[in-house]
Amino acid sequence: MKNSSVFYKGWLAILCIAGLLETNAYAQTITIPVETAKTAIVLQVAPNKDVNTIYLGKKLSNPGEYGNIPGVYQQGNNYSGMYNSAYTPAGSRNLLEPAIAVTHADGNNSLDLKYVNHSVTRVSDDISLLSIKLKDPVYDFEVTLYYKSYYNEDVIEQWSVIEHHEKGDVVLQKFASANINLNAGSYWLRQYHGDWAKEMRPEETELTHGIKTLDSKLGTRADLFMPSVFMVSLNHPATEDEGSVLFGSLEWSGNFKTDLEIDPQDNLRVISGMNNYASPYQLAAGQAFETPPFVYTFSAEGKGKASRNLQSWARNYKLVDGKGTRMTLLNNWESTNFDFNETKLSELLKDTKKLGVDLFLLDDGWFGNSYPRNSDHAGLGDWQENRKKLPNGIAAIAREAQSNGVKFGIWIEPEMVNPKSDLYAKHPDWVIKQQKREEYYFRNQLVLDLSNAQVQDFVYHIVDSLFIKDPALAYIKWDCNAVIYNAYSVHLHQNQSQFYVEYVRGLYKVLQRIRAKYPNVPMMLCSGGGGRVDYGALQYFTEFWPSDNTDPIERIFIQWEYSYFYPAIASANHVTDWGKQPLKFRVDVAMMGKLGFDIVVDKLSGNDLKFCQDAIPTYNNIKPIIWQGDQYRLSDPRTESVASLMYVNADRSSAVMLNYLVNYRYDEGSKRPILLKGLDSNKKYKIKEINLYPGAKSAINATKVYSGDFLSKVGFNPVVNLDRTSVVLQINVVKE
Ligand code: GLA
């Protein structure tokens, strides 16, 4: 079939919105490009009304040429033409992994989806929403595909809405959010695995034919072993600044499944959505089933650019208060564990003030009376102040915080219950467990059934009553320490296979209610460390806890990998006593994101205390650059002895460069200059070392002037060595 001429008359904007209509003697196709500043994904309606993805890559200068991209149906194969389906249906002409599989009301398992229409809504100057309606020609069953594009950020969110009007329920066997297709000579997957204290360990391999699955079946704390974030490089592994790479992630805090399949024509199909494991979903006629967004960004300029895309998208649109500010805090978990009382807390509040941070965060252990929370064996579910530890209640602590001039925050883990609790005794039907099997615990606890509206109410009121009792409450740490074993919901009766989906929907309903009433209160998303870091949850949170592992060497690696997908402002990095590095090193590492402390202040030496007290105003000075600036990775801790990264503000007048020694062998350090990135080559800069330990002299000459051009080509040596294991540099434009 010959390629047809494009029906293009220069009214670009209208065509982009309406789709490009191609006609020729044989057939008619509609080409639908979705463009961002640098990327395009191009969909095409084939003559047989299949909707295919014919392109995902750098956008073209002339959108009229999208219509010249060969469609699948033009490639002359004898197969189904479904290799590049924009949403592959199962049971008809598809031979590969489907995006959607259903059992119709009459028991039939076949599905075909044909184009009906599409429309584009302009949400703002930056955001457009394309929707494409598809329908089965035989059954009254339809799917609408959504593509929400963020132009400046080069980010796209994709999801689907499934509906039917059959005579009876339809069972959704599989229900992906997105089905995207890439075309290259080879594909290189960077994926992550982990466990408690071992979050975000990367593995990068070339994909081979067949399916590679990234998934979770843990229910809650779903990312414990594997988060849904991944990268796929095209043709060769992308580096920081070179190569084509797609970053993707499902915005969902429960079971997910991402299949990466190289098809017989060597295309890569990426199908991502809620995991259909144990989850055939019965859908009533007229009811809409909405899948969570799959977010992705494509960069032809390496991983660094892709990460900056996601970071700015998250700050602009996803995180609560992403463009706002954050509080520095002192947490008591590492210093007291469960062991504290009013007197102890009163000392800690004074320490908070002495240290100079904004807020004191009271961690686990403050609640439970019949079963006091003195260890992780009892008390979860009974959210009343422990009368022995806090005879005058939380309100008294909050008042005392106020009189010390600091704010007060509190830890909760509201989705959970210890069998040793009043809640468990009172509401055994609220607990997820197999009724006829022995209970099996994760951290001695079980998960509450958030598919049940009564439980949602209970969880909402835990938070609401904390605020009612103490309106000045300024921070919540929301923890989630258990996975789901023995999944069974009393509430769902016969609909057990809806459980995993309804749990997360229930959680989101609670979080939506909380945010409706308390839109701006900072909340930290924690899950025994980073067991629940995803954009589905982060839309309700201001920050996340990357890991309980706060050894600073470990943290460099963990924070480094998270930073590919999440902005620094969202990463709560606390200085603790973990690890063997000096205090300065620990503080410098925590400055990579949102600085906090979890140390025993009154055990600090005079110089250590002075150092911390000075570090806070130093940090306050640079935090706008770290939180809102562009991040550049300069020297990778996995391949170099020194980890080095920098943040640059919007007008490129100020930057912060953070450098850490990660290899402690003889004579290791920064042997040669490190190339700086993101500065203006026409501007002149001075570089000054900051955050020095009391009495330390800097090895950096702060009076020298360098051009941005020089710093990007020749570089700068931060002089990191065994005597100077961490170096923080402030780079400021010289006013001429
Ligand atoms: C989890 C969190 C920790 C701490 C404890 C309290 O492990 O990740 O930061 O809050 O729970 O039990």
Would Lys303 pass as a cation-pi partner of Phe247, given that its NZ or CZ must be under 6.0 Å from the six-membered ring centre and within 45 degrees of the axis?
no
Could you check Ser635, Pro718, Pro637, Ser670 and say which one makes a side-chain contact (heavy atoms from CB on, under 4.5 Å) with Ser644?
Ser635
For ring-ring contact (aromatic ring centres under 6.0 Å, His included), just list the numbers for Trp196 and Phe225, CA-CA rounded to whole Å, side-chain angles, deciding distance to a tenth of an Å, and then say yes or no.
CA-CA 8 Å; Trp196 180 79; Phe225 301 146; over 10 Å; no
Side chains of Met592 and Tyr660: does their closest heavy-atom pair fall under 4.5 Å?
yes
Check the pair Tyr564, Tyr192 against ring-ring contact (aromatic ring centres under 6.0 Å, His included), reporting the backbone distance first and the verdict last.
CA-CA 12 Å; Tyr564 281 110; Tyr192 294 89; 7.6 Å; no
Would you say Asn331 and Thr576 make side-chain contact, with heavy atoms under 4.5 Å?
no
Report yes if some heavy atom in the side chain of Asn418 is under 4.5 Å from a heavy atom in the side chain of Asn444; otherwise report no.
yes
Min side-chain heavy-atom separation Phe458-Leu423 under 4.5 Å:
yes
Are any non-hydrogen side-chain atoms of Tyr632 and Arg308 less than 4.5 angstrom apart?
yes
Can you check side chain to side chain donor-acceptor pair (under 3.5 Å) on Tyr508 and Gln539, steps first, answer last?
CA-CA 10 Å; Tyr508 290 169; Gln539 65 188 309; 5.6 Å; no
With heavy-atom distances below 4.5 Å as the criterion, would you say the side chains of Leu595 and His574 are in contact?
no
Whether over 12 other heavy atoms sit under 6.0 Å from Lys688 NZ:
no
Whether the Asn620 and Lys623 side chains hold a donor-acceptor pair (N or O, under 3.5 Å, no angle test) is what I'd like checked.
yes
